[in-house]
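As structure tokens, the structure follows; a few thoughts come after it.
Quick note on labels: first sequence line is chain A, next is B, and so on, each numbered from 1.
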4 protein chains.
Amino acid sequence: MNKVVLIGRLTKDPELKYTPGSGTAVTTITLAVDRRFSKDNQREADFIPVVIWGKSAESTAQYMSKGKLMSVAGRIQTRSYEAKDGGRRYVTEVVAEEVKFLEWGNKTQGQNGGFAGNDEPGYGASFDDMTPIDDGDIPF
Amino acid sequence: MNKVVLIGRLTKDPELKYTPGSGTAVTTITLAVDRRFSKDNQREADFIPVVIWGKSAESTAQYMSKGKLMSVAGRIQTRSYEAKDGGRRYVTEVVAEEVKFLEWGNKTQGQNGGFAGNDEPGYGASFDDMTPIDDGDIPF
Amino acid sequence: MNKVVLIGRLTKDPELKYTPGSGTAVTTITLAVDRRFSKDNQREADFIPVVIWGKSAESTAQYMSKGKLMSVAGRIQTRSYEAKDGGRRYVTEVVAEEVKFLEWGNKTQGQNGGFAGNDEPGYGASFDDMTPIDDGDIPF
Amino acid sequence: MNKVVLIGRLTKDPELKYTPGSGTAVTTITLAVDRRFSKDNQREADFIPVVIWGKSAESTAQYMSKGKLMSVAGRIQTRSYEAKDGGRRYVTEVVAEEVKFLEWGNKTQGQNGGFAGNDEPGYGASFDDMTPIDDGDIPF
DNA sequence: TTTT
DNA sequence: TTTT
């Protein structure tokens with residue numbers, strides 16, 4: 001059992017890539033998720049790396065941008081890679097199985113859109129056809 | 001919103017520490033969580049670091065050992081620290097808010113126990129009095 | 001372990017009540033949660049009863065209204081009561097432990113508000129000081 | 001978003017049925033899930049109805065029995081039906097998407113088994129090939 | 001650096 | 001109608 005649910009805001013615009021092998025779409029984003037209690041009273045957040053595969057990777061790149069709010073359901077994945085200094089680095093990230101856009105708007109379309117569906121702010125959308133075709137590694 | 005649920009096995013015996021400041025108990029474990037689908041058909045797992053605070057940290061150290069099965073509900077936390085080579089390292093880990101022991105047995109008690117409650121194998125136990133008194137940093 | 005996360009829209013305006021005993025605030029709402037796959041392709045939803053206690057009950061009554069989007073984290077609770085026909089009825093509902101408002105606006109304030117914070121649509125807000133002071137039964 | 005995770009014990013032996021239409025396997029169980037805090041200090045539980053479809057329905061019927069511990073990940077579903085007295089009844093239940101057996105043993109096999117895998121008590125097993133082929137209604 |  |  002390995003279940004995660006997050007609601008948070010993109011720390012940057014998503015960047016869409018494709019695996020060298022099969023050309024599967026993949027987007028890696030970081031979600032800023034507000035913490036409920038903070039030591040002092042200043043706003044605090046966790047910055048959680050999220051990998052999105054397939055059609056949802058493309059939707060995220062198309063409809064989301066820096067600062068927008070979205071939810072992710074998925075699982076935690078760990079992997080390691082060799083760093084440039086020769087040392088091994090261990091990565092813990094969330095792999096999305098379901099995403100929902102809670103605010104819309106891509107930078108290239110202006111702050112608030114220019115596409116159908118945007119008239120209903122916060123309407124939300126689900127993309128879940130996301131069988132992680134884990135055929136290659138993340139290309140970055 | 002930041003919610004995680006895991007069921008997995010300890011990769012090593014838990015090691016209990018106390019924060020230098022307030023002496024709060026803290027245990028860091030790694031859970032091996034089986035993946036549902038693997039590329040080929042060999043067994044695969046994610047190795048997820050989990051931090052447990054307070055009374056639950058002590059219970060985990062007391063009742064759990066390498067290989068035992070437990071569940072954790074909590075949240076994902078990110079932090080960074082300065083590595084010995086001067087570079088910044090980013091850590092993503094789970095902070096437990098609720099733990100449940102699905103198998104019992106501490107190494108020092110033999111494989112299958114030697115304490116009350118062990119007669120009922122797999123009975124389970126919850127420890128949830130785990131207000132993360134985040135008063136210092138993790139002492140390691 | 002008993003964990004639930006929902007994102008959905010209120011099917012009606014929330015109605016705030018107080019327990020006869022200790023006067024604890026309580027709101028019961030129904031969330032319409034879209035299903036991901038439907039038999040045919042028409043929109044389908046589950047209508048999930050949610051009980052909210054304490055300060056969050058008051059916040060929900062104040063800031064939410066029919067059609068607004070919110071998230072709830074909590075647990076499933078079952079209870080039974082005697083129906084008017086003498087038969088026993090069994091109720092399964094969600095008890096909120098954390099709520100987040102993903103869209104704002106109370107009916108009495110017009111569709112889009114009239115209170116601070118509304119300028120940032122979809123900004124979101126968390127209320128989690130929700131120790132369920134389960135001192136009486138739900139007064140309805 | 002509609003996510004549920006439960007760990008609990010079967011209140012009765014599971015009973016396997018097949019839909020009249022396509023003959024899909026389906027099992028309905030009730031899980032007794034311990035509450036974390038109770039008013040007084042007596043043990044309390046929620047009794048949560050869970051519907052399991054497909055191959056997992058068959059596995060549950062085969063390997064689980066009254067009192068055994070299992071985990072379920074899934075979603076909350078609501079439906080209504082006409083009662084014998086003509087009134088409408090509303091049902092809220094969990095539909096399993098993933099099940100894991102935390103204790104083994106089918107009644108017909110004796111308390112502790114008689115099948116391979118049972119030698120390793122609490123080893124656990126996942127069944128997740130559970131595309132809910134929602135082709136008919138639950139046949140009971 | 002990994003568990004059954 | 002409930003489990004350990």
Starting at [atom1] of [X] and ending at [atom2] of [N], how long is that distance when rounded to a whole Å?
X        : N     : atom1 : atom2 : answer
D:Leu102 : F:dT3 : CG    : P     : 19 Å
D:Asp34  : F:dT3 : CG    : P     : 12 Å
D:Lys100 : E:dT3 : NZ    : P     : 16 Å
B:Glu15  : E:dT1 : CD    : C1'   : 14 Å
B:Asp13  : E:dT4 : CG    : C1'   : 15 Å
B:Met64  : E:dT4 : CE    : P     : 13 Å
B:Asp46  : E:dT1 : CG    : P     : 16 Å
D:Ile29  : F:dT2 : CD1   : P     : 17 Å

What pair of heavy atoms forms the shortest contact from D:Leu31 to D:Met70, and how long is it?
-> CD2-CG, 3.9 Å

Correct closest heavy-atom pair for D:Pro14 and D:Ala61 would be CG-CA, 3.8 Å

From [options], pick the nucleotide closest to the side chain of [X]?
X       : options             : result
D:Ala32 : F:dT3, E:dT1, E:dT3 : F:dT3
D:Thr30 : F:dT3, F:dT2, E:dT3 : F:dT2
B:Phe47 : E:dT1, E:dT3, F:dT1 : E:dT3
D:Thr11 : E:dT4, F:dT2, E:dT2 : F:dT2
D:Ala45 : E:dT3, F:dT3, E:dT1 : F:dT3

For D:Thr78, all residues meeting side chain to side chain contact (heavy atoms under 4.5 Å, CB included), sequence neighbours excluded = C:Asp46, C:Phe47, C:Ile48, D:Thr92

Are the side chain of A:Thr19 and the backbone N or O of A:Thr24 linked by a donor-acceptor pair below 3.5 Å?
-> yes

